[in-house]
Amino acid sequence: MASFLQSFLDPKKNWLAAQHMKSLVKRLSKYGLRYDDLYDPYYDLDVKEALNRLPKEVVDARHARLKRAIDLSMKHEYLPDDLQAMQTPFRGYLQDMLALVKRERAEREALGGLPLYQRSIP
């Protein structure tokens with residue numbers, strides 16, 4: 001069942017998944033974003049921890065892309081076509097660190113340790 005689901009979601013094997021990926025590339029390129037920029041550190045604390053572990057240059061580039069996308073969206077404009085062609089929406093920078101953080105959290109829970117970070121409600 002899992003292999004069927006993976007093959008169904010694989011853009012190389014499924015035409016609908018390929019079309020979805022193509023439209024996602026088009027929409028992200030209009031604003032100069034990468035797919036990993038869409039992760040919200042306020043929603044998932046693992047994402048926040050992964051962003052804290054990344055180099056400062058990578059995080060600064062992420063913030064610059066987000067600011068540019070917000071600015072373009074507020075102006076109801078898109079990036080120029082020459083800049084859209086240069087964008088690489090699926091070049092990830094967060095997935096490896098996020099997987100490491102999730103593995104560490106799962107290991108900590110399996111060993112009965114306290115979590116390093118918790119959400120607190122003021």
Side-chain angles (χ1 to χ4, degrees):
M1 180 70 175
S3 63
F4 171 73
L5 186 60
Q6 279 184 330
S7 66
F8 185 71
L9 297 175
D10 186 10
K12 296 174 187 167
K13 297 179 181 177
N14 187 350
W15 182 80
L16 289 174
Q19 294 304 314
H20 173 69
M21 190 170 185
K22 190 185 298 184
S23 71
L24 195 57
V25 165
K26 193 177 196 181
R27 291 175 69 189
L28 289 173
S29 294
K30 284 181 181 180
Y31 293 105
L33 290 173
R34 291 187 181 168
Y35 187 76
D36 287 349
D37 294 337
L38 302 178
Y39 287 104
D40 186 10
Y42 295 112
Y43 179 72
D44 188 3
L45 293 178
D46 290 339
V47 172
K48 182 177 181 180
E49 179 65 24
L51 285 171
N52 287 339
R53 294 182 184 188
L54 286 174
K56 186 178 184 318
E57 298 83 26
V58 173
V59 177
D60 289 344
R62 176 182 196 265
H63 291 307
R65 284 190 302 271
L66 288 171
K67 284 180 183 179
R68 177 178 58 189
I70 291 169
D71 183 51
L72 288 170
S73 176
M74 296 300 275
K75 293 177 181 177
H76 299 283
E77 295 177 359
Y78 298 124
L79 278 179
D81 290 334
D82 56 338
L83 288 178
Q84 284 186 29
M86 294 171 47
Q87 300 304 311
T88 55
F90 284 104
R91 189 171 140 214
Y93 60 91
L94 186 63
Q95 292 297 323
D96 296 334
M97 190 62 71
L98 185 59
L100 177 68
V101 168
K102 286 184 185 276
R103 274 196 316 264
E104 287 176 0
R105 183 176 50 82
E107 180 182 357
R108 194 172 291 111
E109 288 175 0
L111 294 175
L114 294 174
L116 290 178
Y117 44 89
Q118 295 180 11
R119 177 165 288 151
S120 61
I121 300 174

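The analysis underlying the following values was restricted to heavy atoms, covering all of them including side chains, and did not include hydrogens, waters or symmetry mates.
Classification of Arg105 and Glu109 as a salt-bridged pair holds, one side-chain N sitting under 4.0 Å from a carboxylate O.
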May I have the step-by-step check of side chain to side chain contact (heavy atoms under 4.5 Å, CB included) for Glu49 and Leu45, ending in yes or no? CA-CA 6 Å; Glu49 179 65 24; Leu45 293 178; over 6 Å; no

Kindly determine whether Phe90 and Leu24 satisfy side chain to side chain contact (heavy atoms under 4.5 Å, CB included), including the steps that lead there. CA-CA 10 Å; Phe90 284 104; Leu24 195 57; 3.7 Å; yes

Could you go step by step and tell me if Asp40 and Val47 meet the side chain to side chain contact (heavy atoms under 4.5 Å, CB included) rule? CA-CA 7 Å; Asp40 186 10; Val47 172; over 6 Å; no

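Applying the salt bridge (charged side-chain N to carboxylate O under 4.0 Å, His left out) rule to Glu104 yields the partners Arg53; only residues at least two apart in sequence or on another chain are considered. For Asp96, the salt bridge (charged side-chain N to carboxylate O under 4.0 Å, His left out) criterion is met by no residue, not counting sequence neighbours.
In terms of modelled atom types and a separation under 3.5 Å, the side chain of Arg65 and the main chain of Asp37 share no donor-acceptor contact.
Hydrophobic clustering keeps Ile70 apart from Tyr42 (ILVMFWY residues linked when any side-chain heavy atoms are closer than 4.5 Å, directly or through intermediates). The hydrophobic cluster containing Met86 also contains Leu66, counting ILVMFWY residues as joined when their side-chain heavy atoms lie under 4.5 angstrom apart, directly or transitively.
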Please set out all donor-acceptor pairs under 3.5 angstrom arising from side-chain atoms of residues 71-80, sequence neighbours excluded.
| unit_1 | atom_1 | unit_2 | atom_2 | d |
| --- | --- | --- | --- | --- |
| Asp71 | OD2 | Lys75 | NZ | 3.2 |

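Within the structure, every pair that satisfies the salt bridge (Lys or Arg N to Asp or Glu O under 4.0 Å) test and touches residues 54-63, not counting sequence neighbours, is listed here: Lys56-Asp60. Listed by first then second residue, pairs satisfying side-chain hydrogen bond (donor to acceptor under 3.5 Å, both in side chains) with a partner in residues 18-36 read Asp36-Gln95, not counting sequence neighbours. For residues 53-73, no pair satisfies ring-ring contact (aromatic ring centres under 6.0 Å, His included), with sequence neighbours left out.
Of all heavy-atom pairs between Leu51 and Leu94, the closest is CD2-CD1, 3.9 Å.
Atom CG of Asp46 and atom CZ of Arg103 lie 12.0 Å apart (nearest 0.5 Å).
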